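Working notes for the structure below.
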Amino acid sequence: MQIRYFDNSATTPIKEEVLNAMFPYLSKEYGNPSSIYSIARTAKRAIEEARKQVAELIGAKPYEIYFTSCGSESDNTALKGIAYANKHKGKHIITSKIEHTAILNTCENLSEKGFDITYVNIDKNGIIDIEELKNSIREDTILISIMLANNEIGTIQPIEKISRIAKANNIIFHTDAVQAAGNIPISVEKMGIDLLSLSGHKIYAPKGVGALYVKKGIDFEKFMNGGHQERDKRAGTENVASIVALGKACDIAKKNLPVYMKKLTSLRDYYIEKVQQKIPNIRINGTMENRLPGNANISFEGIDASELLLKLDEKGICASGGSACSSGSDSPSHVLTALGLESKYANSAIRISFGDFNTKEDVDYLVDCLEQIIEP
Ligand SMILES: *Cc1c(COP(=O)(O)O)cnc(C)c1O
């Protein structure tokens with residue numbers, strides 16, 4: 001059976017150009033970048049080239065990029081690193097109710113360590129309540145962490161507004177951009193971002209590599225102790241091949257961004273239009289105005305999401321309810337709960353996330369299947 005993959009927010013396949021770029025570093029270019037001979041220097045140079053490519057995608061300087069093992073590590077390093085480096089100034093952190101578990105569970109951990117966390121609500125469109133965020137700022141607030149784009153409903157947060165509020169109050173601002181990087185334009189400078197997390201496997205690079213941007217001049221406590229890699233901020237012999245892959249994926253993303261956004265938007269809009277025409281009693285979750293190009297989160301009233309996903313799987317269709325990380329559990333996701341959905345909508349929501357390998361024919365097949373399954 002042909003597989004139709006509509007779960008690009010969970011992970012993406014590796015692009016062939018990316019594989020080709022990383023392959024030499026899995027074979028003949030095996031030098032340890034910290035050594036001094038020529039094959040080591042080749043590996044070192046490749047890492048520095050990748051650092052430049054990652055920096056360019058988000059408008060940062062290469063020396064502001066630290067390679068990590070994943071988006072979750074970047075989030076952990078950002079939150080714990082800033083919290084511990086600033087604990088003498090205060091112990092209050094502000095985040096939102098719709099963050100990825102990499103943020104929420106890190107905050108949970110920090111709260112066990114004596115930090116105080118405020119979780120800001122979202123409105124019915126899936127956008128952070130800015131007034132509530134402003135009002136939750138205290139004398140001892142040291143960090144605000146709000147995701148750039150949500151992984152379930154694809155809503156893009158008003159990052160510039162939030163960073164301005166943070167700056168005015170002398171608070172460090174981190175954003176989890178794992179879903180946004182490579183999908184929408186990002187400029188850390190224009191958007192006023194102090195720290196930013198991104199991940200390889202959401203943008204056609206392998207799993208197990210990520211990056212953290214930290215603005216020059218901002219100190220953070222390192223997460224991993226050991227050797228002096230990553231300017232003494234992240235120990236461990238570098239995952240050279242995957243770092244090269246991440247660099248290449250960022251380079252491709254940067255060059256193709258307008259075309260890519262247009263393609264995903266048109267697939268997404270085509271899907272939504274067809275669903276609206278063919279299937280009654282649906283609800284689109286999250287605003288259509290500020291939304292990732294490839295995200296469609298739709299509730300199909302009267303059908304259970306997990307049942308629908310199983311039946312789609314039987315037809316070769318890969319999709320998610322809530323997020324991949326929360327699938328398997330029966331309760332609606334924390335994001336749909338924060339949206340305030342009635343249970344008939346919260347329990348019937350399916351996330352379709354488009355990627356570079358999807359076609360219009362895939363969408364036709366998907367909607368045909370949905371029609372067949374949902375019709376009594
Ligand atoms: C996938 C994801 C992460 C985690 O990234 P990993 O590389 O899988 O650890 C963090 N935040 C968001 C928003 C994500 O979508």
Side-chain angles (χ1 to χ4, degrees), residues 5-14 18 54 57-58 65-81 95-109 119 122 126-128 145-157 159 162 174-184 186 193 195-213 223-224 234 236 239 242-243 245-247 249-250 253 264 286 290-295 297 318-327 333-336 338 351-355:
Y5 188 75
F6 297 105
D7 207 14
N8 290 277
S9 285
T11 195
T12 51
I14 303 176
V18 173
V54 175
L57 180 66
I58 59 169
I65 303 297
Y66 300 87
F67 290 111
T68 66
S69 70
C70 58
S72 300
E73 188 191 322
S74 298
D75 284 344
N76 270 265
T77 305
L79 267 53
K80 293 176 187 168
T95 187
S96 83
K97 289 196 172 156
I98 61 164
E99 299 296 313
H100 189 272
T101 46
I103 296 290
L104 292 178
N105 289 339
T106 302
C107 285
E108 183 81 359
N109 176 274
Y119 300 89
I122 52 170
I127 303 295
I128 300 298
S145 178
I146 302 288
M147 70 200 321
L148 214 167
N150 182 265
N151 45 303
E152 290 189 39
I153 53 176
T155 50
I156 298 168
Q157 302 304 328
I159 291 302
I162 298 168
H174 166 257
T175 191
D176 176 339
V178 172
Q179 292 291 333
N183 286 279
I184 55 171
I186 298 177
I193 298 165
L195 295 94
L196 175 149
S197 308
L198 60 85
S199 173
H201 74 104
K202 308 277 172 85
I203 52 170
Y204 310 101
K207 295 158 187 66
V209 64
L212 176 66
Y213 152 82
F223 185 56
M224 188 87 98
R234 202 280 185 180
N239 184 351
S242 290
I243 288 171
L246 176 58
C250 288
L264 264 52
N290 294 298
R291 192 182 191 105
L292 288 175
N295 175 287
N297 188 308
C318 310
S320 276
S323 68
C325 311
S326 63
S327 60
S333 79
H334 65 285
V335 177
L336 298 176
R351 178 188 73 185
I352 294 293
S353 47
F354 294 99

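Everything quoted here is computed from the prediction, not taken from an experiment. As the structure lists them, so they are numbered: ligands from 1, and atoms in each ligand from 1.
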Side chain, backbone, both or neither: which part of [X] has a heavy atom under 4.0 Å from ligand 1?
X      : answer
Asn150 : neither
Ser72  : both
Glu73  : neither
Lys207 : neither

### Query
Looking only at distance, does His201 have an N or O less than 3.5 Å from an N or O of ligand 1?
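Yes, there is a polar N/O contact under 3.5 Å.
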### Query
Between Val178 and ligand 1, does any nitrogen or oxygen pair lie at a separation below 3.5 Å?
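Such a contact does not occur with ligand 1.
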### Message
For the CG atom of Asn150 and the CD atom of Gln157, what is their distance to the nearest 0.5 Å?
### Response
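Answer rounded to 0.5 Å: 7.0 Å.
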Less than 4.5 Å apart, any side-chain heavy atom of [X] and any of [Y]?
X      : Y      : result
Leu246 : Ile203 : yes
Pro293 : Ile184 : yes
Val178 : Met147 : no
Lys97  : His334 : no

Heavy-atom contacts with [X] under 4.0 Å: which atoms of ligand 1 show up? List them by number with element.
X      : answer
Lys202 : 1 (C), 2 (C), 3 (C), 14 (C), 15 (O)
Gly71  : 5 (O), 6 (P), 7 (O), 9 (O)
Gln179 : 13 (C), 14 (C), 15 (O)
Cys70  : 6 (P), 7 (O), 9 (O)
Asp75  : 10 (C), 11 (N)
Asn151 : 13 (C), 15 (O)

### Message
For Ile98, run the side-chain contact (heavy atoms from CB on, under 4.5 Å) check against Leu104, Ile122, Asn151, Ile103 and tell me which one passes.
### Response
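With Ile98 as partner, Leu104, Ile122, Asn151, Ile103 yield a single side-chain contact (heavy atoms from CB on, under 4.5 Å), made by Ile122.
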### Query
Testing Ile65, Ile58, Leu57 for side-chain contact (heavy atoms from CB on, under 4.5 Å) with Cys250, which one passes?
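The side-chain contact (heavy atoms from CB on, under 4.5 Å) with Cys250 is passed solely by Leu57 among Ile65, Ile58, Leu57.
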### Message
I need the minimum non-hydrogen distance between Ala177 and Leu148, along with the two atoms involved.
### Response
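That closest heavy-atom pairing would be CB-CD1, 4.0 Å.
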